[in-house]
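Read the numbers this way: they start at 1 and go in the same order the structure lists the ligands and their atoms. Quick note: residue numbers are just sequence positions, from 1.
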Amino acid sequence: MTNRLTVASAKGGVGKTTVAINLAGALNHRDHDVLLVDMDPQGVATEGLGHAEAYDAEPPTLADTLLAGDRRHLAQDLLLDHPEMDLLPSNVDLLNTERDLTLSDVAADLQARGVDATSVIQSGTLLEDSCLDEDLPHARYQLDKVLREVEDDYDYVIVDSPPYYGEILDNCLYAAPNVVIPALAEGTSQRAVELLYDELDAMERETDVRCIPALAVANRIRASTNEAKEMLEWFDAAFAETPLIEIRERVALQYSFNAGRTLFEYEPGNDMTDRFTDAAKYVEDFFNE
Ligand SMILES: Nc1ncnc2c1ncn2[C@@H]1O[C@H](COP(=O)(O)OP(=O)(O)O)[C@@H](O)[C@H]1O
Ligand SMILES: [Mg+2]
């Protein structure tokens with residue numbers, strides 16, 4: 001089976017997309033075939049991998065594959081090339097998917113209680129009947145089914161997730177419950193990590209899935225200030241059982257993003273490539289255990 005990971009934090013700007021792209025690059029440089037799935041409705045990874053045109057493309061898009069069982073197989077046709085990985089791109093239509101999945105979940109819930117929700121399901125672009133399998137009648141199971149359509153040729157699937165809690169993030173965590181958690185070396189990041197742990201617990205309570213932190217990333221560390229030092233101690237305590245890598249503040253990470261490449265292609269000599277290679281090794285070990 002393909003190894004699936006979600007890069008998650010409900011806080012924006014902590015480096016999810018940067019980590020997702022460069023971890024994919026590191027795994028690729030270690031001879032793995034990688035698929036990056038951009039589940040952020042803002043499509044930052046899609047743009048950063050040079051496929052802004054896919055973000056604005058007309059349907060069918062990733063949004064359709066998530067909402068209609070009979071369109072799920074179209075995900076195959078959406079895959080795009082990049083020199084270091086393949087991409088299942090985000091699309092502007094995903095901006096409506098959060099709402100559609102939420103409504104679908106309500107409809108599925110009603111249905112499960114014996115209320116006829118067919119009219120709710122059929123009004124508009126809601127999750128279609130064919131998605132509501134008898135055994136799994138809830139919206140959060142859709143990405144898992146989409147990934148099964150596309151993942152066969154890959155060793156790793158890395159899902160980049162949106163910066164807030166909701167049905168889309170639940171879809172990511174259910175489909176890929178092995179979690180990479182980036183956080184900034186500053187106080188506000190602590191709360192985001194604690195909230196994410198709550199979310200993982202809730203997912204475990206409500207489904208049969210086990211969410212496991214696979215890797216923590218202390219990101220944008222600046223030269224040894226006291227704050228950075230305290231945060232690293234906090235990271236060590238908070239992620240006692242999870243491997244931790246430290247990524248420093250490097251403009252090359254921004255330049256490489258702007259150039260549509262990972263750091264491995266853009267500036268192979270940059271010292272952070274070693275850190276991302278360490279991350280890739282931790283991830284390999286995680287799945288080998
Ligand atoms: N270690 C780093 N050094 C310098 N800039 C960084 C670093 N990590 C992330 N950034 C920059 O910070 C911004 C937010 O990062 P991003 O990966 O998009 O965060 P998220 O996906 O969590 O919203 C981007 O402009 C990115 O290039
Ligand atoms: Mg992002």
Side-chain angles (χ1 to χ4, degrees), residues 5-26 36-52 54-55 62 84-85 87-92 94-95 97-98 143 158-166 168-169 171-173 176 179-186 188-193 195-196 199 213 215-225 227-228 231-232 235 244-267 269-280:
L5 293 157
T6 298
V7 183
S9 162
K11 196 167 148 60
V14 297
K16 283 181 295 301
T17 301
T18 303
V19 169
I21 288 177
N22 287 285
L23 177 59
L36 194 133
V37 178
D38 188 0
M39 283 289 279
D40 182 351
Q42 295 192 46
V44 180
T46 297
E47 192 191 330
L49 292 170
H51 283 293
Y55 182 73
L62 181 55
E84 299 165 87
M85 66 196 82
L87 170 70
L88 183 54
S90 174
N91 181 274
V92 63
L94 270 188
L95 289 167
T97 302
E98 190 65 54
L143 178 62
I158 298 178
V159 182
D160 189 18
S161 66
Y164 45 79
Y165 293 111
I168 290 182
L169 181 55
N171 266 271
C172 299
L173 293 174
V179 191
V180 175
I181 307 172
L184 298 182
E186 61 184 38
T188 50
S189 262
Q190 295 185 6
R191 180 111 184 94
V193 171
L195 287 172
L196 180 64
E199 189 71 8
L215 178 72
V217 182
N219 190 27
R220 299 194 85 149
I221 296 172
R222 291 188 198 92
S224 42
T225 60
E227 193 190 24
M231 270 309 289
L232 284 173
F235 271 108
L244 172 69
I245 61 156
E246 294 171 20
I247 300 295
R248 299 205 155 251
E249 174 83 19
R250 291 285 181 270
V251 285
L253 283 167
Q254 288 161 32
Y255 295 154
S256 62
F257 176 90
N258 294 340
R261 292 288 178 270
T262 76
L263 202 54
F264 290 82
E265 287 259 311
Y266 181 80
E267 196 178 305
N270 189 286
D271 57 349
M272 288 307 111
T273 57
D274 293 340
R275 303 290 176 89
F276 282 110
T277 298
D278 289 343

Does any N or O in the side chain of [X] come within less than 3.5 Å of the main-chain N or O of [Y], such that one atom is a donor and the other an acceptor?
X: Tyr55; Y: Val44; result: no
X: Tyr266; Y: Gly260; result: no
X: Asn171; Y: Leu143; result: yes
X: Thr277; Y: Ala26; result: no

- Message: For a distance under 2.8 Å, give residue and atom name for each protein N, O or S atom next to the Mg ion (ligand 2).
- Response: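 Counting only protein N, O or S atoms under 2.8 Å from the Mg ion (ligand 2), the list reads Thr17 OG1.
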
- Query: Taking non-hydrogen atoms only, is Val19 closer than 4.0 angstrom to ligand 1 via side chain, backbone, both or neither?
  - Reply: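 It is neither; nothing of Val19 touches ligand 1.
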
Provide, to 0.1 Å, the distance between [atom] and the closest protein heavy atom, together with that atom's residue and name.
atom: atom 7 (C) of ligand 1; value: Arg220 CG, 3.5 Å
atom: atom 17 (O) of ligand 1; value: Thr18 OG1, 2.6 Å
atom: atom 18 (O) of ligand 1; value: Thr17 CB, 4.0 Å
atom: atom 27 (O) of ligand 1; value: Gln254 CG, 3.0 Å
atom: atom 8 (N) of ligand 1; value: Asn219 ND2, 3.0 Å
atom: atom 3 (N) of ligand 1; value: Arg250 N, 2.9 Å

With a 4.5 Å heavy-atom cut-off, do [X] and [Y] have their side chains touching?
X: Pro41; Y: Ile168; result: yes
X: Lys16; Y: Asp40; result: no
X: Leu36; Y: Leu88; result: no
X: Val193; Y: Leu196; result: no

For ligand 1, which is the ligand I care about here, please tell me if [X] has any N or O atom under 3.5 Å from one of the ligand's N or O atoms.
X: Val14; result: yes
X: Lys16; result: yes
X: Gly15; result: yes
X: Gly13; result: yes

- Give, for atom CG of Asp278 and atom CG of Leu244, the distance between the pair rounded to the nearest 0.5 Å.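 Reported to 0.5 Å precision, the distance equals 11.0 Å.
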
- Query: About how many Å separate CD of Glu246 and CG of Asn219, when rounded to the nearest 0.5 Å?
  - Reply: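 The distance works out to 11.0 Å.
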
- Query: Between Val19, Leu253, Ile221, which is the residue that forms a side chain to side chain contact (heavy atoms under 4.5 Å, CB included) with Ile247?
  - Reply: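 The single option meeting the side chain to side chain contact (heavy atoms under 4.5 Å, CB included) with Ile247 is Leu253.
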
Which of the atoms in ligand 1, numbered in the order shown and given with their element, are less than 4.0 Å from a heavy-atom of [X]?
X: Glu249; answer: 3 (N), 4 (C)
X: Gly12; answer: 23 (O)
X: Ile247; answer: 1 (N)
X: Arg248; answer: 1 (N), 2 (C), 3 (N)

- Within 6.0 angstrom of Tyr255 OH, more than 12 heavy atoms from elsewhere: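 Atom OH in Tyr255 is not crowded, with 12 or fewer foreign heavy atoms closer than 6.0 Å.
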
- Looking at Thr46, Asn91, Thr17, which hits side chain to side chain donor-acceptor pair (under 3.5 Å) with Asp38?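 When side chain to side chain donor-acceptor pair (under 3.5 Å) is applied between Asp38 and each of Thr46, Asn91, Thr17, only Thr46 qualifies.
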
- Item | atom 24 (C) of ligand 1: any protein heavy atom closer than 4.0 Å |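 Answer no: nothing from the protein, no heavy atom, is under 4.0 Å.
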
- Would Arg250 and Asp271 pass as an ion pair if we require N to O under 4.0 Å?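 Judged by the 4.0 Å cut-off on N to carboxylate O distance, Arg250 and Asp271 do form a salt bridge.
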
- Query: Does Met272 reach ligand 1, in the sense of a heavy atom lying below 4.0 Å from it?
  - Reply: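 No, Met272 has no heavy atom closer than 4.0 Å to ligand 1.
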
